[in-house]
Amino acid sequence: MKVYTESFTFKTRGPIDIIDITDKVEDIVRRSGIRNGVAHIFAPHATGIVVLTEHEEGLLDDLRDLLEKLVPSEGSYRHPSNPHSHLRSVLLPPDKTVPVINGRLSLGTWQSIMFVETDIYPRTRTIIVTVIGE
Ligand code: ZN
């Protein structure tokens with residue numbers, strides 16, 4: 001069994017920027033040389049989410065509305081400045097695991113891997129991809 005790890009960084013434009021990282025993750029899976037196993041996609045951030053969903057602008061706006069409904073920006077919070085940012089990424093985790101079959105991510109037709117910025121400022125973000133298999 002082999003374990004291959006690679007990371008990449010990118011900039012976000014603030015809340016609630018959504019960045020499609022599918023191609024970057026596919027490239028890493030290809031470079032790993034692993035044909036069958038799993039890819040773990042992880043954002044080491046307390047105010048970010050990784051989702052698997054359709055990359056369609058209307059749906060991404062619906063996702064923004066959902067986050068606002070689940071954890072409103074305004075509320076009686078205790079943490080200074082960005083409590084809703086943290087609470088959104090407590091509810092929706094910063095990682096996903098996807099099977100790798102025949103050297104490719106086995107995503108469904110309408111599944112893209114996307115990072116959701118929940119923080120209130122533009123940030124530089126990192127994604128760590130670990131591919132495990134043979
Ligand atoms: Zn904070």
Side-chain angles (χ1 to χ4, degrees):
M1 199 186 67
K2 186 176 162 189
V3 179
Y4 180 89
T5 304
E6 198 178 313
S7 61
F8 59 92
T9 60
F10 53 91
K11 289 188 191 313
T12 65
R13 292 169 299 176
I16 300 170
D17 198 7
I18 301 174
I19 288 118
D20 193 323
I21 58 172
T22 312
D23 290 348
K24 294 248 183 202
V25 177
E26 281 277 15
D27 288 345
I28 291 172
V29 169
R30 204 171 299 122
R31 279 196 291 278
S32 77
I34 290 169
R35 300 287 301 160
N36 294 289
V38 291
H40 181 248
I41 300 107
F42 177 73
H45 303 294
T47 52
I49 298 167
V50 175
V51 298
L52 292 176
T53 194
E54 182 179 354
H55 190 161
E56 189 275 317
E57 292 310 317
L59 179 64
L60 299 185
D61 280 341
D62 291 338
L63 175 58
R64 292 181 176 96
D65 290 351
L66 174 67
L67 290 172
E68 183 61 35
K69 263 183 225 150
L70 285 175
V71 185
S73 310
E74 303 298 324
S76 52
Y77 301 114
R78 291 166 192 82
H79 182 72
S81 86
N82 63 352
H84 62 287
S85 310
H86 289 284
L87 294 173
R88 288 171 184 177
S89 50
V90 165
L91 290 178
L92 297 166
D95 74 306
K96 284 285 180 286
T97 305
V98 179
V100 173
I101 300 172
N102 294 324
R104 300 213 55 199
L105 290 168
S106 59
L107 293 166
T109 309
W110 305 110
Q111 280 182 315
S112 293
I113 308 168
M114 287 181 277
F115 177 82
V116 181
E117 178 62 75
T118 69
D119 215 331
I120 55 176
Y121 309 107
R123 296 279 190 198
T124 298
R125 297 308 200 177
T126 299
I127 296 287
I128 303 168
V129 180
T130 307
V131 191
I132 304 168
E134 49 196 18

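It should be emphasised that the depicted structure is a prediction, and the values quoted were computed from it without experimental measurement.
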> Do Trp110 and Leu59 pass the side-chain contact (heavy atoms from CB on, under 4.5 Å) test, and can you show the C-alpha distance, the side-chain angles, and the key distance before you say yes or no?
Replying inline: CA-CA 12 Å; Trp110 305 110; Leu59 179 64; over 6 Å; no

Query - Working for side-chain hydrogen bond (donor to acceptor under 3.5 Å, both in side chains), residues Glu68 and Ser73 - result: CA-CA 6 Å; Glu68 183 61 35; Ser73 310; 2.6 Å; yes

Practice item. Could you give me the CA-CA distance, side-chain angles and deciding distance for Leu60 and Asp62, then say whether side-chain contact (heavy atoms from CB on, under 4.5 Å) is met? Key: CA-CA 5 Å; Leu60 299 185; Asp62 291 338; over 6 Å; no

* Derivation and outcome, side-chain contact (heavy atoms from CB on, under 4.5 Å), residues Leu105 and Ile113 -> CA-CA 10 Å; Leu105 290 168; Ile113 308 168; 3.9 Å; yes

Show your working on salt bridge (charged side-chain N to carboxylate O under 4.0 Å, His left out) between Arg123 and Glu117 and close with a plain yes or no.
CA-CA 8 Å; Arg123 296 279 190 198; Glu117 178 62 75; 5.4 Å; no

query = Can you list the steps and then say if Ile19 with Val116 is a side-chain contact (heavy atoms from CB on, under 4.5 Å)?
reply = CA-CA 7 Å; Ile19 288 118; Val116 181; over 6 Å; no

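Atoms CD1 and CG, from Ile101 and Leu107 in turn, are 10.5 Å apart once rounded to the nearest 0.5 Å. With values rounded to the nearest 0.5 angstrom, Ser85 atom OG is found 8.5 Å from Tyr121 atom OH. The distance from atom CG of Leu91 to atom NE2 of His86, rounded to the nearest 0.5 Å, is 13.5 Å. The distance from the CE atom of Met114 to the OG1 atom of Thr53 is 5.5 Å, given to the nearest 0.5 Å.
With a 4.5 Å cut-off on side-chain heavy atoms, Asn36 and Ile34 do not count as touching. Asp95 is not listed as a side-chain neighbour of Ile41, based on a closest heavy-atom distance of 4.5 Å or more. In this structure the side chain of Val38 never reaches within 4.5 angstrom of the side chain of Val100, judged on heavy atoms. The closest side-chain heavy-atom distance from Pro15 to Thr118 is not below 4.5 Å. At least one side-chain heavy atom of His84 sits under 4.5 Å from a side-chain heavy atom of Ile120. The shortest side-chain heavy-atom distance between Thr5 and Ile128 falls under the 4.5 Å cut-off. Side chains of Leu63 and Asp61 form no contact here, defined as non-hydrogen atoms less than 4.5 Å apart. Here the side chains of Tyr77 and Pro72 are in contact, with some heavy-atom distance below 4.5 Å.
Among the candidates Asp17, Thr12, Asp20, Ile49, the single residue satisfying the side-chain contact (heavy atoms from CB on, under 4.5 Å) test with Phe115 is Thr12.
Remark: the backbone N or O of Asn102 is paired with a side-chain donor or acceptor of Arg35 at under 3.5 angstrom. Listed for the Ser106 side chain is a donor-acceptor partner under 3.5 Å among the backbone atoms of Pro99.
When all heavy atoms are compared, the tightest approach of His45 to Thr126 is NE2-N, 2.9 Å. Taking all atoms of both residues into account, the shortest heavy-atom contact from Val29 to Ala39 is CG2-CB, 4.2 Å. The minimum heavy-atom distance linking Pro94 with Ser89 is given by the pair CD-O, 4.4 Å. Taking every heavy atom of both residues into account, Val50 and Ala43 meet most closely at CG2-CB, 4.1 Å. The heavy-atom pair separating Thr97 from His40 by the smallest distance is OG1-CD2, 3.4 Å.
The 12-atom threshold is exceeded at NZ of Lys2, counting heavy atoms of other residues, nucleotides or ligands nearer than 6.0 Å. Within a 6.0 Å radius of NZ in Lys24, other residues, nucleotides and ligands contribute 12 heavy atoms or fewer. Other residues, nucleotides and ligands contribute over 12 non-hydrogen atoms within 6.0 Å of the CZ atom of Arg31.
Checking Asp119 against Thr47 by side-chain atom types alone, a donor-acceptor pair falls below 3.5 Å. A donor atom on one side chain and an acceptor atom on the other are not found under 3.5 Å apart for Glu54 and Ser112.
A tilted orientation is assigned to the rings of Phe10 and Phe8, their planes being inclined by 30° to 60°.
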